[in-house]
**Student:** 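My structure is below; once you've seen it, I'll send some questions.
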Amino acid sequence: MANVEEKDTVIIGAGPGGYVAAIRAAELGQKVTIIEKEYFGGVCLNVGCVPSKALIQAGHRYREAKDATVYGISTKDVELDFAKTQAWKNKNVVERMTSGVQMLLKKHKVEIIKGEAFLDNNEQLRVMPAGPRQFMDNGGGQTIKFKNLILATGSRPVEIKGFKFGGRVLSSTGLLNIEELPKKLVIVGGGYIGSELAGSFSDLGSEVTILEGTDQIIPNFERDMVSIIEKHLQKKGIKIVTSAMAKSVQDNGDSVDVTYAVDGQETTINADYVMVSVGRRPNTDNFGLEMTDVELTDRGLVKVDEQGRTSVKNIYAVGDITAGPALAHKAFFQGKTAAGAISGKNTANDYIGIPSVCFNDPEMASVGLTADEAKAQKREVKISKFPFAGNARAVSLDNMDGFVKLISDKNTGTVLGGQIVGPNASDLISEVSILVNCQLNVEDVALTIHPHPTLGEPIQEAADMAMGFPTHI
Ligand SMILES: Cc1cc2nc3c(=O)[nH]c(=O)nc-3n(C[C@H](O)[C@H](O)[C@H](O)COP(=O)(O)OP(=O)(O)OC[C@H]3O[C@@H](n4cnc5c(N)ncnc54)[C@H](O)[C@@H]3O)c2cc1C
């Protein structure tokens, strides 16, 4: 029998949920151990949010450098060295951020164990060196008995029938790390990941086709927002095929043939690579969770209460393995809540003001209720929509497609939700998140002096509109 080490708070997974939980738990005086098999910073920092935003930025720079004649700027021979772009993203962005996470953990005296955790029961786990699975029935590895455990094992890409990952059939991870720029790229799945990467690779120079199964790309955003994004993607030259069923792919070694059907009519397109981004699966099925009494939902997510506690009282779960939007900032928040709960604090997760962002061009962001959701809750709503075309800053940036929409209660003026599509929507949405979270009303915004000329003014203008006194429209 291997030696059993006794530990206090153990965390499996050093993604946004796990590493933030570790830091907060340490700040609250707990003795913390974190176990990570592959990625410090998780999917988000290594193969998700951060590298995707880096490539999006590189694409914008390249496109703008080639196409600035409207400002009287013309350039010759603008070239992209994709290997350098990737090296910049890997070294200056991903490595910097992921080593930062390890530094923060060390600063907070969190014990770091590199390896793969497997649960034995409600109180004990084993850590094996990461890599190919080993026989585990001989009690190998490091055995740890924990007082409290936070599960933060995240998610992985879903594979669909007929599209096995490998060779030229890529997941988002494969595309983000691709060494050569595809001349032609097919993307199966036009959600936020698919459409962001479509825009980015198109900016970098690929010819992109999106195959989306439903009748609208990015289906979780409202149609009036998505139609603006669609127009921009198409203007870049991206072909969008909706109601398309991806059927199969043939990897020819030097190219792929992707077959899809629309209304039963099959079409095959040839491309250099295909990337499949049709969703993500929670990592709850591969590390012995079935050896515990932790209950799962039908969809394989861990059932948790508002503090993140599972059906086993000393085990918590955070991030993509729990219900709700699979977003990094949700995982951050849950990590803090769980760490607080273990320290006896009266913490709770409350997602009323949680924003979702799509980093397209222009960006798109939403928080709280949409008008339809508010109406479904039998609220009388006021919709006030102010276009960026009426905003001096957006006009001077030559980036004026889009709007700010506030959804407020007709009787009380309380802001129930907001949607922004336009320049810097990802940053602007935080103001609306505060309004929704703190249940402020449109008058609070209207009476807050916003600097001029800035992209934030349309939020104030939308509030003026809701009160019946619009100025710039
Ligand atoms: C391409 C892409 C772009 C994205 N862009 C955004 C964005 O812009 N904004 C946003 O909010 N979200 C974005 N996301 C989603 C975001 O990355 C996830 O919501 C977030 O990473 C979830 O955090 P987590 O801590 O739950 O899990 P993860 O980040 O998945 O981390 C889980 C960690 O646990 C480790 N692990 C798993 N099992 C074990 C085990 N048995 N033992 C040891 N370690 C283990 C894994 O190696 C991993 O490092 C994006 C995702 C992708 C794929």
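Order of listing sets the numbers, starting from 1, for every ligand and every atom in it. Fair warning: this is a prediction, and the values are worked out from it, not measured in the lab.
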**Student:** Show your working on salt bridge (Lys or Arg N to Asp or Glu O under 4.0 Å) between K385 and D224 and close with a plain yes or no.
**Tutor:** CA-CA 11 Å; K385 193 168 168 180; D224 58 350; 3.0 Å; yes

**Student:** What's the shortest distance from atom 29 (O) of ligand 1 to any protein heavy atom, and which residue and atom give it?
**Tutor:**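 It is V43 N, 2.8 Å.
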
**Student:** Tell me which one of S171, C49, C358 gets a heavy atom nearest to atom 13 (C) of ligand 1.
**Tutor:**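 Result: the heavy atom closest to atom 13 (C) of ligand 1 is in C49.
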
**Student:** Would you check the N or O atoms of S52, main chain and side chain alike, for any that come under 3.5 Å of an N or O of ligand 1?
**Tutor:**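 No; the residue has no nitrogen or oxygen that sits under 3.5 Å from a nitrogen or oxygen of the ligand.
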
**Student:** For ligand 1, note which part of I12 has a heavy atom under 4.0 Å away: side chain, backbone, both or neither.
**Tutor:**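 Near ligand 1, I12 shows its side chain, while the N, CA, C and O stay back.
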
**Student:** Under a 4.0 Å heavy-atom limit, does F287 contact ligand 1 with its side chain, its backbone, both, or neither?
**Tutor:**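 It is the side chain that gets close, since no backbone atom is under 4.0 Å.
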
**Student:** Provide, to 0.1 Å, the distance between atom 47 (O) of ligand 1 and the closest protein heavy atom, together with that atom's residue and name.
**Tutor:**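 I find the closest protein heavy atom is E36 OE2, 2.6 Å.
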
**Student:** Pull out every atom of ligand 1 sitting under 4.0 Å from any heavy atom of I35, numbered as shown with elements.
**Tutor:**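 With I35 as reference, the close atoms of ligand 1 come out as 43 (C), 44 (N).
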
**Student:** Could you identify the single nearest non-hydrogen protein atom to atom 22 (C) of ligand 1 and state the distance to 0.1 Å?
**Tutor:**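 Closest protein heavy atom to atom 22 (C) of ligand 1: D320 OD1, 3.3 Å.
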
**Student:** Are E6 and K147 ion-paired here, with the side-chain N under 4.0 Å from a carboxylate O?
**Tutor:**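 Salt bridge absent between E6 and K147.
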
**Student:** Do we see a donor-acceptor contact under 3.5 Å between the side chains of T337 and N349?
**Tutor:**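 A donor-acceptor contact under 3.5 Å links the two side chains.
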
**Student:** Using a strict threshold of under 4.0 Å (side-chain N to carboxylate O), is an ion pair present between R156 and D285?
**Tutor:**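 Here D285 pairs with R156 in a salt bridge, since their nearest N and O are under 4.0 Å apart.
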
**Student:** Among all protein non-hydrogen atoms, which one is nearest to atom 3 (C) of ligand 1, and what is the separation to 0.1 Å?
**Tutor:**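 For atom 3 (C) of ligand 1, the nearest protein heavy atom is G48 C, 3.4 Å.
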
**Student:** Which protein heavy atom lies closest to atom 44 (N) of ligand 1, and at what distance to 0.1 Å?
**Tutor:**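 Result: K37 N, 3.2 Å.
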
**Student:** For Y192, which part has a heavy atom under 4.0 Å from ligand 1: side chain, backbone, both, or neither?
**Tutor:**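 The side chain, only.
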
**Student:** How far apart are the C-alpha atoms of E431 and V445, what are their side-chain angles, what is the distance that settles it, and do they pass the side-chain contact (heavy atoms from CB on, under 4.5 Å) test?
**Tutor:** CA-CA 9 Å; E431 179 176 338; V445 195; 3.7 Å; yes

**Student:** Is it true that D361 and R63 make a salt bridge, defined as a side-chain N closer than 4.0 Å to a carboxylate O?
**Tutor:**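 So D361 does not pair with R63 through a salt bridge.
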
**Student:** Salt bridge check, K53 against E196: does any charged N sit closer than 4.0 Å to a carboxylate O?
**Tutor:**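 Looking at K53 together with E196, the answer is yes, because their closest N to O distance falls below 4.0 Å.
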
**Student:** Which of the numbered atoms in ligand 1 are under 4.0 angstrom from any heavy atom belonging to S155?
**Tutor:**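 Checking each atom against S155, I get 30 (O).
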
**Student:** Show the atoms of ligand 1 that are less than 4.0 angstrom away from any heavy atom in A152.
**Tutor:**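 Result: 32 (C), 33 (C), 34 (O).
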
**Student:** Judged on heavy-atom distance to atom 25 (O) of ligand 1, which of G288, P355, G17 sits nearest?
**Tutor:**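 Nearest heavy atom to atom 25 (O) of ligand 1 lies in G17.
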
**Student:** Taking the basic N atoms (NZ, or NE/NH1/NH2) and the acidic carboxylate oxygens, is any pair closer than 4.0 Å for R61 and D203?
**Tutor:**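 Judged by the 4.0 Å cut-off on N to carboxylate O distance, R61 and D203 do not form a salt bridge.
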
**Student:** For ligand 1, does K330 get within less than 4.0 Å through its side chain, its backbone, both, or neither, judged by non-hydrogen atoms?
**Tutor:**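 Near ligand 1, K330 shows nothing, with every heavy atom at 4.0 Å or more.
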
**Student:** What protein heavy atom sits nearest atom 27 (O) of ligand 1, and how far away is it?
**Tutor:**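 So the nearest neighbour among protein heavy atoms is G154 CA, 3.1 Å.
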
**Student:** For atom 42 (N) of ligand 1, what's the nearest protein heavy-atom neighbour? Residue, atom name and distance, please.
**Tutor:**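 Heavy-atom neighbour on the protein nearest atom 42 (N) of ligand 1: A117 N, 2.9 Å.
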
**Student:** Below 4.0 angstrom from a heavy atom of G13, which ligand 1 atoms are there? Numbered from 1 as shown, please.
**Tutor:**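 It comes down to these atoms of ligand 1: 33 (C), 34 (O), 35 (C).
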
**Student:** Please indicate whether any nitrogen or oxygen in N283 is less than 3.5 Å from any nitrogen or oxygen in ligand 1.
**Tutor:**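 In this structure, N283 places no N or O atom under 3.5 Å from an N or O of ligand 1.
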
**Student:** Got the closest protein heavy atom to atom 37 (C) of ligand 1, with its distance?
**Tutor:**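 Answer, as residue, atom name and distance: T153 O, 3.4 Å.
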
**Student:** Mind checking whether F221 and C358 have side chains closer than 4.5 Å, heavy atoms only?
**Tutor:**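 In contact.
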
**Student:** Quick check on P325 - does any of its heavy atoms sit under 4.0 Å from an atom of ligand 1?
**Tutor:**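 No, P325 has no heavy atoms under 4.0 Å from ligand 1.
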
**Student:** Heavy-atom distances under 4.0 Å decide this one: backbone, side chain, both or neither, for R280 against ligand 1?
**Tutor:**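 Under 4.0 Å from ligand 1, R280 contributes side-chain atoms alone.
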
**Student:** Do the side chains of E64 and K66 get close enough for a salt bridge, i.e. N-O under 4.0 angstrom?
**Tutor:**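 K66 and E64: not salt-bridged.
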
**Student:** With atoms numbered from 1 as shown, which atoms in ligand 1 lie under 4.0 angstrom from a non-hydrogen atom of C44?
**Tutor:**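 Atoms satisfying the 4.0 Å criterion: 17 (O), 21 (O), 29 (O).
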
**Student:** Given that the side chain starts at C-beta and the backbone is N, CA, C, O, which of these parts of F40 lies under 4.0 Å from ligand 1, counting heavy atoms, or is it both or neither?
**Tutor:**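 F40 to ligand 1: no contact under 4.0 Å from either part.
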
**Student:** Using a 4.0 Å heavy-atom threshold (strictly under), name the region of L327 that reaches ligand 1: side chain, backbone, both or neither.
**Tutor:**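 Looking at L327 and ligand 1, atoms from backbone and side chain both fall under 4.0 Å.
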
**Student:** Quick check on K53 - does any of its heavy atoms sit under 4.0 Å from an atom of ligand 1?
**Tutor:**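 Heavy atoms of K53 do come under 4.0 Å of ligand 1.
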
**Student:** Could you tell me whether D215 and R223 have a side-chain N and a carboxylate O separated by less than 4.0 Å?
**Tutor:**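 Counted as a salt bridge, because a side-chain N and a carboxylate O are separated by less than 4.0 Å.
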
